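Step one of this worksheet: look at the structure below.
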Amino acid sequence: MSKIILITGASTGIGESCARHAVEAGHKVALAARSEEKLEALVKDLGADNALALPTDVTDPDAQERMVARAVEHYGRLDVVLANAGVGASARGTEAGSVESFQKMIEVNCLAVTYTAKFALPHLRASKGHMVLTGSKASQGAMFGSVYSATKWFIRGYADNLGEELGAAGGRVTCLHPGMVDTPFFDEAKPDALRPDDVARAFLFAIDQPDHVLIPHLPVYPKPKT
Ligand code: NJP
């Protein structure tokens, strides 16, 4: 069945790849990020019948409320929401990192996800839908810095609690835990990392399960080198 999927952080990397794979699989997408130009280019690629650009800064709760309202107004419902927008910091150590970078990571990776859930939940309850959060393997070790890792620990716990809330209404919550992925998240290429496509396939796997199946957590790691 074709699903209506709202994706935050859809302009590049994992979010963009999830959007491409979703449309290829017959779903329709609403794409949110700050870069209007990139979103419009993606809509052009995917086709205006399949995709809608919703330029949004996820740190602004009012903008997220409008984002969800516009997606529902356009498509009539929401079946899946992928809360994927996230940021890291180039200086990763606690002493080296700036206070501003700590604030930004907590604002985008944690607080903004609670806004996405708050505004999307009424629609996901109505559709018995599915909320997917992009967590990280880093929640189990400070691979991208202690503050970043802690933001993804928040996401891991938040997903469990949200899963109880939405689960009570017949919906589902899944937390993806990618290992390192070669995306613009990093300043330099990461040839040994996962590709965004690898995470997108995991996303589709999670949302394409029959209604009686729940995948609460889904780790996707690069295979260790031998
Ligand atoms: O990174 P990137 P990824 N408002 O930089 C958007 C997690 N993760 O795909 O606003 C709205 O290509 C930004 O768009 P724009 C990671 O923590 C990654 O790798 O136009 N959107 C872009 O679309 C994150 O949660 C790795 O700049 C905002 C997107 O977020 C997710 O995967 C490993 C925004 C970031 O795309 C996607 O990251 C892992 C705002 N204020 C988890 N700020 C990895 N790459 O290795 C940013 O375990 N965005």
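Atoms within each ligand, like the ligands themselves, are counted from 1 in listed order. Since this is a predicted model, take the numbers as computed values, not measurements. All values below were derived from every heavy atom in this structure, side-chain atoms included, with hydrogens, water molecules and symmetry-related copies excluded.
Separation of atoms CG (L121) and CZ (R125) is listed at 5.0 Å; rounding is to 0.5 Å. Remark: I207 CD1 to H21 NE2 distance equals 12.0 Å, nearest 0.5 Å.
With hydrogens left out, the protein atom closest to atom 28 (C) of ligand 1 is A85 CB, 3.8 Å, a heavy atom. Nearest protein heavy-atom neighbour of atom 5 (O) of ligand 1: F185 N, 3.4 Å. The single protein non-hydrogen atom nearest to atom 20 (O) of ligand 1 is S35 OG, 2.3 Å, given as residue, atom name and distance. Of all protein heavy atoms, the one lying nearest to atom 39 (C) of ligand 1 is S136 OG, 3.4 Å. In terms of protein heavy-atom proximity, atom 29 (C) of ligand 1 is closest to G9 CA, 3.6 Å. Of all protein heavy atoms, the one lying nearest to atom 24 (C) of ligand 1 is N84 O, 3.2 Å.
Listed by number with element, the atoms of ligand 1 under 4.0 angstrom from any heavy atom of S11 are 13 (C), 14 (O), 15 (P), 20 (O), 22 (C), 23 (O). Close contacts of ligand 1 with V87, meaning ligand atoms under 4.0 Å from a residue heavy atom, involve 43 (N), 47 (C). Close approach of ligand 1 to Y148 (heavy-atom distance below 4.0 Å) involves ligand atoms 7 (C), 8 (N), 16 (C), 17 (O), 39 (C), 42 (C). Listed by atom number, the atoms of ligand 1 under 4.0 Å from F144 heavy atoms are 33 (C), 46 (O). For ligand 1, the atoms sitting less than 4.0 Å from at least one non-hydrogen atom of T56 are 4 (N), 11 (C), numbered in the order shown with element in parentheses. Residue T134 has at least one heavy-atom neighbour below 4.0 Å for each of these atoms of ligand 1: 7 (C), 31 (C), 32 (O). Shown in contact with D57 at under 4.0 Å from a heavy atom are these atoms of ligand 1, numbered in order with element: 4 (N), 40 (C), 41 (N). In summary, the atoms of ligand 1 found under 4.0 Å from a heavy atom of P184, numbered by their order in the structure, are 5 (O), 12 (O).
The distance between the ring centers of Y148 and F102 does not fall below 6.0 angstrom.
In this structure, E73 does not pair ionically with R70, as no charged nitrogen and carboxylate oxygen lie closer than 4.0 Å.
Annotation: cation-pi geometry satisfied between K137 and Y221 (NZ/CZ under 6.0 angstrom from ring centroid, within 45° of ring axis).
In this structure, of K38, R34, K104, the residue bringing a heavy atom nearest to atom 27 (O) of ligand 1 is R34. Of the options I7, V58, T12, the smallest heavy-atom separation from atom 12 (O) of ligand 1 is shown by T12. Compare G13, G135, G86 by their heavy atoms: the one nearest to atom 35 (C) of ligand 1 is in G86. The option with the heavy atom closest to atom 46 (O) of ligand 1, from among T183, T8, V181, is V181.
Considering backbone and side-chain N/O of I14, one or more are found under 3.5 Å from N/O of ligand 1. Taking only nitrogen or oxygen atoms, main chain and side chain alike, F186 does not reach within less than 3.5 Å of ligand 1. Note: no N/O pair closer than 3.5 Å links T59 and ligand 1 by distance alone. Looking at G15 next to ligand 1, no N or O pair under 3.5 Å apart turns up.
Side-chain N/O atoms of T8 and N84 include no donor and acceptor closer than 3.5 Å. H217 and T174 are not linked by any side-chain donor-acceptor pair at a separation below 3.5 angstrom, with hydrogens and angles left out of the test. Between the side chains of D79 and H123, not a single donor N or O lies within less than 3.5 Å of an accepting N or O.
Using a non-hydrogen distance threshold of 4.0 Å, A138 does not register as a contact of ligand 1. Note on ligand 1: G179 sits in its first shell, one or more heavy atoms being nearer than 4.0 Å. Under a 4.0 angstrom heavy-atom cut-off, K190 registers as lying outside contact with ligand 1.
Cluster membership for I5 and V43, using ILVMFWY side-chain heavy atoms within less than 4.5 angstrom, is shared.
By the 4.5 Å heavy-atom criterion applied to side chains, M67 and L6 are counted as neighbours.
The side chain to side chain contact (heavy atoms under 4.5 Å, CB included) search around S90 returns D187, not counting sequence neighbours.
Within the 4.0 Å heavy-atom criterion, the part of A10 lying near ligand 1 is the backbone and not the side chain.
Screening R156, K152, H177 for a side chain to side chain contact (heavy atoms under 4.5 Å, CB included) involving Q140 leaves a single residue, R156.
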*Kindly determine whether V29 and N50 satisfy side-chain contact (heavy atoms from CB on, under 4.5 Å), including the steps that lead there.*
CA-CA 6 Å; V29 292; N50 302 316; 5.7 Å; no
*asked:* Could you go through R20 and E16, starting from their C-alpha distance and side-chain angles, then the distance that decides it, and tell me whether this counts as salt bridge (Lys or Arg N to Asp or Glu O under 4.0 Å)?
replied: CA-CA 6 Å; R20 290 186 185 280; E16 176 189 351; 2.9 Å; yes
